[in-house]
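The structure under discussion appears below in the form of structure tokens.
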Amino acid sequence: MKILIEGYSYSPEVVKNVLPEKRLLLTDEKVTIENVGYFRNPECDDFVFFLPKVLLEQIEIDGVKRDRVFAIKGDPAMAKGFAPEEIVDPEVETPDGRKLTDEQKSFLYEFAVWIYRAIAQFKERNKDTAAVWEQKERQSGAFKRKYVTNTLLDVILALRRFHRDNRDYFLFKVKEKHSGANKINWTRTIAKSQAIIQKGRPLYLDPRSKKRSIDFDEELLVIFYSILSYIRAKFGFPVQINMGYELITGEKFERYLDGYGATRLKAIKYKYFSDRDLTLWQLCFAFFDKAHKANVVSNDEEYLLAKNFEIVFESMIDDLVGDETISDLRELSDGKEIDHLYLDESLTRRSASGEKTFYIADSKYYKRGNSLGVESVAKQFTYARNLLQLDLDLFLNGDDASDDIKRRRKALDKVDLMRDKTTEGYDVIPNFFISATVPEDLRYDDDNLVLHEGAREYRNIHFENRLFDRDTLILSHYDVNFLYVVKLYAQNDTGLKEEWRGKVHREFRTHIRGLLKDRFFFYAMMPYDELSDEDATRFLRENFKAALGKVYSPYPKLNGKTVYSLALENPNKMVKDSTLSAEGFEKRKARVAEENDAVKALLKTAFYIIPCELGENPSTALQKEAEAHPIPGAKTADVSESVVVATGYAKGYIDAVRSNGRCPWDASSCKNPLAVQMFVFPHTNQADVFSVNGDAGVQGPMSPEKVKSDCPEFATIELPFASYYVWSVNLPKDTEGGK
């Protein structure tokens with residue numbers, strides 16, 4: 001077996017005896033491998049495996065970065081690894097006397113097989129694909145789907161698998177043949193042998209044992225183990241043979257390869273009846289049949305090669321992560337196509353109905369250590385924008401949507417409009433890259449799903465401190481164990497794939513939530529008890545600019561009132577970008593901290609606000625908060641006359657004036673005329689001036705400083721909407737709420 005690695009440029013001298021001359025394509029006097037897969041070279045009757053470039057890692061050697069494999073950090077002997085040309089033949093020492101360990105050689109053989117099986121699986125799922133070149137011989141015999149024998153390599157793999165899966169069967173056969181093999185069969189001995197009488201007792205010089213002179217079961221096992229021994233010696237595949245048979249080797253086995261093996265198997269074919277005996281016979285026959293054809297037709301190439309393995313890797317990730325039921329949504333209106341798309345629990349929403357949102361992913365296949373390009377990041381942000389628009393197209397019109405839109409919605413179970421109609425905030429779209437890596441321990445049994453080493457969080461923002469804004473897009477980057485993914489895909493076990501899909505979806509959701517929790521403070525908000533849902537809606541609309549992008553409604557209603565999420569950026573966890581100076585970055589952090597305080601102070605005039613972890617349902621905690629801290633009462637102060645103004649009374653008055661500019665009470669029924677002047681400061685730099693006398697209207701605005709200078713004596717009433725500064729009040733005695 002020979003090993004070549006995709007993307008590496010070899011000297012022609014290195015590969016001239018590995019590949020046929022017609023396949024040596026020179027670029028700058030080098031032979032660059034551009035394919036991944038399997039190739040049987042008929043000129044040297046050997047397998048050549050083209051392995052993925054993800055094995056390569058750039059190591060700095062003498063000040064120059066070079067491609068290496070099997071480099072181990074912290075190990076002086078292996079820190080520089082091996083150059084790809086040094087492992088073309090895994091059994092040969094390097095010029096400086098180094099040699100691959102048994103574990104490394106075993107890894108190469110096993111990895112080559114998994115790559116071959118993954119490409120074969122891709123070809124099976126995409127029969128008309130142009131991404132894979134294939135040439136094979138006609139399949140020999142009729143086999144169960146478990147054992148594919150399209151190529152000589154398929155047969156070898158099937159033989160190894162049969163050996164691994166039937167160890168108990170082989171042990172039983174050996175015990176059965178040898179148990180009682182040396183016991184005398186007296187019936188046959190008396191019937192077939194001549195007895196000598198000595199001292200009145202018969203003696204038999206040629207006793208017959210129970211062992212048959214020709215044991216066809218044992219002959220098939222000997223042929224099978226002889227094939228395994230040849231595979232181990234010829235191609236390097238690790239196989240354990242410990243049954244103690246006298247194997248067929250050397251020139252005798254070469255005769256079997258030249259055609260006698262198939263002839264002999266045909267002669268004993270009808271001696272076998274059990275399913276396993278017949279399967280073993282078929283596998284052995286397929287091996288000799290293909291080996292003989294390879295010897296006779298010396299120029300017959302056999303290969304399975306991926307022209308662009310990136311397409312295969314993308315298909316692998318989509319099969320293991322994506323959602324086929326919404327695959328048609330991957331094609332966007334601008335002609336672009338999202339690599340991977342699936343539905344999962346929303347990062348922000350949490351209710352019994354389990355609302356879902358779109359998750360966008362892009363798989364990246366390159367050498368280890370390579371970084372993302374600017375184009376890849378920009379493309380992924382464009383995907384998110386287009387998907388938001390798609391969501392609006394599907395759900396914005398609700399029940400008034402066309403029949404075609406309603407039909408397209410059916411596949412989107414538990415998905416809804418991602419825009420909040422009250423706050424005009426948008427739900428967060430999880431968006432991430434998945435790149436392949438190979439662990440130093442070369443293990444297949446752990447997915448090693450982690451944040452990409454040295455990866456930063458990519459952001460696209462138009463306004464700072466607005467997580468729930470349409471133009472705030474966040475992108476993360478994860479690594480996954482390439483070996484684990486290849487094996488899982490190649491095995492094609494539906495149960496194992498579904499199990500990992502559920503696991504990896506949970507991990508992506510948890511990781512991305514963790515990133516957001518680290519960057520933002522999250523709160524849950526509910527209107528005060530004395531405010532209706534309509535009051536809260538009006539408040540948010542009147543303070544639209546302060547709430548925009550910070551407030552969103554992902555939760556179910558509580559006691560008939562909308563529960564909102566508030567997200568404020570953590571200034572201590574802000575990440576400096578290259579467009580800012582150090583001084584400018586400090587100013588930005590201070591500005592965000594000041595804004596956070598102002599926004600919370602404003603919202604607290606109308607809402608209960610409690611900390612709430614992202615993705616949790618805050619209903620119980622908000623209910624307790626409302627019970628423990630009822631709405632703040634009115635504060636009173638003496639003005640020119642002793643006046644007591646009740647919260648509900650003042651609020652009702654202000655609401656009425658705001659709605660129609662008229663006094664809410666009939667002034668003619670009062671003993672004293674109604675004369676009230678109010679200055680309303682909703683935490684802004686201006687005041688709405690209510691100058692009401694009977695049917696008088698609303699005047700304003702006026703700055704707080706002018707109010708205070710012109711009206712030195714005023715009372716402050718803390719109400720749900722804002723701080724209302726009351727300068728002079730003259731209320732009728734018989735009006736409820738005042739004297």
Side-chain angles (χ1 to χ4, degrees), residues 1-7 33 35-40 47-56 69-70 87 90 100 102-126 131-132 134 145-165 231 235-239 302-306 309-321 363 365 368 434-449 479-494 496-497 500:
M1 177 189 288
K2 301 296 185 291
I3 301 294
L4 299 176
I5 299 180
E6 175 200 18
I33 306 302
N35 307 315
V36 173
Y38 150 77
F39 175 79
R40 190 188 70 80
F47 295 140
V48 182
F49 283 96
F50 304 93
L51 300 185
K53 61 187 175 185
V54 72
L55 281 180
L56 295 176
V69 294
F70 297 136
I87 64 168
L100 291 174
D102 290 340
E103 291 78 11
Q104 290 167 338
K105 287 189 289 186
S106 179
F107 165 77
L108 286 176
Y109 296 136
E110 185 176 3
F111 184 53
V113 169
W114 283 121
I115 289 296
Y116 171 79
R117 291 177 62 178
I119 297 174
Q121 179 65 23
F122 172 80
K123 178 66 175 175
E124 178 70 20
R125 293 169 61 92
N126 304 273
V132 173
E134 182 178 30
R145 183 70 183 85
K146 184 176 182 180
Y147 298 106
V148 179
T149 56
N150 292 325
T151 67
L152 179 58
L153 180 60
D154 282 326
V155 176
I156 291 173
L157 299 180
L159 285 163
R160 292 181 64 217
R161 185 174 182 183
F162 187 89
H163 179 250
R164 182 196 66 199
D165 294 347
I231 290 171
F235 303 112
F237 288 108
V239 180
E302 190 177 77
Y303 51 79
L304 182 69
L305 296 171
F309 192 74
E310 184 175 359
I311 296 175
V312 179
F313 179 68
E314 181 181 309
S315 179
M316 290 163 52
I317 295 296
D318 198 55
D319 180 53
L320 300 175
V321 173
S363 50
Y365 169 74
R368 286 185 289 168
I434 307 173
S435 57
T437 188
V438 175
E440 284 189 356
D441 59 10
L442 305 177
R443 293 174 64 93
Y444 289 82
D445 54 1
D446 191 343
D447 59 20
N448 290 346
L449 183 66
D479 283 337
V480 68
N481 183 356
F482 182 74
L483 308 181
Y484 181 92
V485 170
V486 167
K487 182 177 179 180
L488 185 61
Y489 179 79
Q491 285 176 316
N492 197 31
D493 186 311
T494 303
L496 290 177
K497 289 196 293 187
W500 190 70

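Here the structure is a predicted model, which is why all the values come from computation and not from measurement.
To the nearest 0.5 Å, atoms CG (Leu55) and CD1 (Ile87) are separated by 7.5 Å. Rounding to the nearest 0.5 Å gives a distance of 9.0 Å between CG of Leu483 and OG1 of Thr437. A distance of 6.5 Å separates NZ of Lys487 from CD of Glu110, quoted to the nearest 0.5 Å. In this structure, the separation between NZ on Lys2 and CZ on Phe39 is 13.0 Å, given to the nearest 0.5 Å. Here CD1 of Ile115 is found 11.5 Å from CG of Leu304. Values are rounded to the nearest 0.5 Å. Taking CD of Gln104 as the start and CG of Asp102 as the end, the distance is 9.5 Å to the nearest 0.5 Å.
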Please walk me through it: do Leu51 and Leu108 pass side chain to side chain contact (heavy atoms under 4.5 Å, CB included)?
CA-CA 9 Å; Leu51 300 185; Leu108 286 176; 3.9 Å; yes

Would you sort out whether Ile33 and Ile5 count as a side chain to side chain contact (heavy atoms under 4.5 Å, CB included), showing the intermediate values?
CA-CA 7 Å; Ile33 306 302; Ile5 299 180; over 6 Å; no

Please step through side chain to side chain contact (heavy atoms under 4.5 Å, CB included) for the pair Glu103 and Leu442, ending with a clear verdict.
CA-CA 9 Å; Glu103 291 78 11; Leu442 305 177; over 6 Å; no

Val438 and Phe111: side chain to side chain contact (heavy atoms under 4.5 Å, CB included), yes or no, with the steps?
CA-CA 11 Å; Val438 175; Phe111 184 53; 5.7 Å; no

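The closest donor-acceptor contact from the side chain of Gln121 to the backbone of Ala490 lies at 3.5 Å or more, if one exists at all. At least one donor-acceptor pair closer than 3.5 Å links the side chain of Tyr365 to the backbone N or O of Lys53. The backbone N or O of Phe122 lies less than 3.5 Å from a partner atom in the side chain of Asn126, making a donor-acceptor pair.
In this structure, the side chains of Tyr489 and Arg125 come closer than 4.5 Å at one or more pairs of heavy atoms. In this structure, the side chains of Phe313 and Pro52 stay at 4.5 Å or more apart for every pair of heavy atoms. The shortest side-chain heavy-atom distance between Gln491 and Trp114 falls under the 4.5 Å cut-off. Two residues are said to be in side-chain contact when any heavy atoms from C-beta on lie closer than 4.5 Å; Asp479 and Asn448 fail this criterion. At least one side-chain heavy atom of Val69 sits under 4.5 Å from a side-chain heavy atom of Leu56. Met316 places a side-chain heavy atom less than 4.5 Å from the side chain of Val486. Residues Tyr303 and Phe50 form no side-chain contact, since every pair of their non-hydrogen atoms from C-beta on lies 4.5 Å or further apart.
Here the shortest heavy-atom pairing between Pro90 and Lys105 reads O-CD, 3.3 Å. Looking at every heavy atom in both residues, Val113 comes nearest to Arg160 through CG2-NH1, 4.3 Å. Between Arg443 and Asn481, the shortest heavy-atom distance links the atoms O-ND2, 2.9 Å. Annotation for Ile317 and Ser363: closest pair CG1-CB, 4.1 Å, computed over non-hydrogen atoms.
In this pair, Phe107 and Phe70 present their aromatic rings perpendicular. The plane angle is above 60°, beyond the 30 to 60° band. Using a 30° and 60° split on the angle between ring planes, Tyr484 and Trp500 fall in the tilted class, from 30° to 60°.
A ring-centre distance under 6.0 Å is not found for Phe49 and Tyr116.
For the pairing with Val36, the side chain to side chain contact (heavy atoms under 4.5 Å, CB included) check across Ile119, Val312, Leu305 returns one residue only, Ile119.
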